[in-house]
Amino acid sequence: MVDTVILWLRRDLRLADNPALSRALSGAGRLVPLYIHCPAEEGRWRAGAASRWWLHHSLAALDRAFRERGSRLLIARGEDSLTELRRIATACGATRICWARRYEPATRATDARTELALRADGLRCDSVEGNLLFEPWDLATEANGPYRVFSAYWRRAVTRLTLPVIEPAPTALPPAPSDLGALSVDELGLLPRVRWDTGLAHAWTPGEDGAQARASAFIDGPLATYAAKRDRPGVLGTSRLSPHLHFGEIGPRQLVRMIADRGLVLDEGPAEPYVRELGWREFAYHLIHHFPHTTDEPLDERFAAFPWREDETLLAAWQRGRTGIPLIDAGLRELWKTGWMHNRVRMAAASLLTKNLRQPWQAGARWFWDTLVDADLASNTLGWQWTAGCGADAAPYFRIFNPVRQGERFDPTGDYVRRWCPELARLPARFIHQPWAAPAGVLTDAGIRLGSDYPQPIVDLAASRREALAAWETIKNQA
DNA sequence: TGCTATTTTAA
DNA sequence: TAAAATAGC
């Protein structure tokens, strides 16, 4: 009598170094790789359109990888995962189910509820560590509490960093049953009906092979100059691995191993600033585990009283990249076109929305959620709360980015702005980040009429900065 | 992972 | 005169 094991894949869409796959294969006779599409279970944070596009292609790639090894990926859809797992376990006679843990509030609740019910059914459940270097509860402060400050968290984490042993992808897998009423990836309807996704297809290769290729290219290339170039949105200086990491097409353990195998140390030298960015991802999961309400509510409770001013017109101008502030518009257009935005520009764009325009950070988080291919609830929550000033940030002052200054510092040639705001292409570098300050003759020569070819700025940066600081003053001394 | 006003330094 | 350093939020 051989065991039949269901491998419940969720956000670990790879074959190499996949702990749930390894666990499922140990002692299994038959393996049933399964993806279940249950958007209703993700509650308010079900995948947005860009994320669904990525998921479609990642599932298709994973199915191909399974088929190359003699297996296949089964796909189901339903109102809840438990019903589908029960149906398929019964149909194929499975006695055991393996999966990698998830950590968001809704997915955690689903997994806990599902595990309880499956165990009551008499099925064995093996949940293994998710796609992180540290489980979110692994690290604690001296007082045995959660960290709220990244530097303290990471200082501690680095002392615990070890070099993982990576399990290669299996070269052959046992055949999977083909008679369980499984759907094709296409039938999930994840792709957009209106074909707005050509820019995404041009920018990305979802799936494990694409993740591996990008990781190698990054580690053998831009990693060496990461410290100097990562903040330049006009330069290909970052890893652009975030969507691959989100869907678990590659894991941070694999990246750490690849870096070490190139002879680099993790906590100093050229690799250190990149490994630190992986640390921010870990910290985001630490925070969402310990403070699950922060997906929707500020970590800093004083911000319940912050005077946001909700304005659909301002929000819409920001979303569409029509604020009249070039760096911000470039970023939001890059996002719309490619499903991704350079992190430096994310910070500047989020600062403009939450501080200068004083729109609630949740509105920006929601827009990013719908448009980013790397939309990740832990990282998105941390990023927006950090920029809004209501999250885990050790700075004692109210940080407000000046998008002109950010542009001049990090896009000094203006090439990034020119790429995404072509109507400004002929403006000289001196004025590219503040066209409103250019003399009339310069604008004429560049073929720009402000207010028609390109918007006048929708906000006075200096005045709105003062107002935001005043708003901060009204809440900062609360108990 | 900031900004700005002010002071200091260098040419 | 302006770049660089510093203070303070």
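Because the structure is predicted, anything quoted here is derived from the model rather than measured. Letters A, B, ... mirror the listed sequences (proteins, then strands); counts begin at 1.
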Closest nucleotide among dT4(B), dC9(C), dG2(B) to the Arg399(A) side chain: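 Between dT4(B), dC9(C), dG2(B), the one nearest the side chain of Arg399(A) would be dG2(B).
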Pick base, sugar-phosphate or nothing for Arg409(A), based on heavy-atom distances below 4.0 Å to the nucleic acid.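 Since only primed, P, OP1 and OP2 atoms lie under 4.0 Å of Arg409(A), the category is sugar-phosphate.
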Can [X] and [Y] be counted as an ion pair, charged N to O under 4.0 angstrom?
X: Asp12(A); Y: Arg10(A); value: no
X: Arg230(A); Y: Glu277(A); value: yes
X: Asp296(A); Y: Arg44(A); value: yes

Arg465(A) side chain N/O closer than 4.0 Å to the phosphate oxygens (OP1, OP2) of dC9(C)?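 False: Arg465(A) side-chain N/O out of range (4.0 Å or more) of dC9(C) OP1/OP2.
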Does dG2(B) have OP1 or OP2 sitting under 4.0 Å from an N or O in the side chain of Asn402(A)? no
Could you tell me which residues satisfy salt bridge (Lys or Arg N to Asp or Glu O under 4.0 Å) with Asp267(A), sequence neighbours excluded, listed by chain and number? none
From [atom1] of [X] over to [atom2] of [N], roughly how many Å is that when rounded to an integer?
X: Phe398(A); N: dC3(B); atom1: CZ; atom2: C1'; answer: 13 Å
X: Asn356(A); N: dG2(B); atom1: CG; atom2: P; answer: 16 Å
X: Lys476(A); N: dG8(C); atom1: NZ; atom2: C1'; answer: 11 Å
X: Lys355(A); N: dG2(B); atom1: NZ; atom2: C1'; answer: 10 Å
X: Trp472(A); N: dT4(B); atom1: CH2; atom2: C1'; answer: 18 Å
X: Leu352(A); N: dG2(B); atom1: CG; atom2: P; answer: 16 Å
X: Leu469(A); N: dG2(B); atom1: CG; atom2: P; answer: 16 Å
X: Ile400(A); N: dC3(B); atom1: CD1; atom2: P; answer: 10 Å

Under 3.5 Å, is there an N or O donor on one side and an acceptor on the other linking the side chain of Tyr397(A) and the base of dG8(C)?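 Side chain to base: no pair below 3.5 Å.
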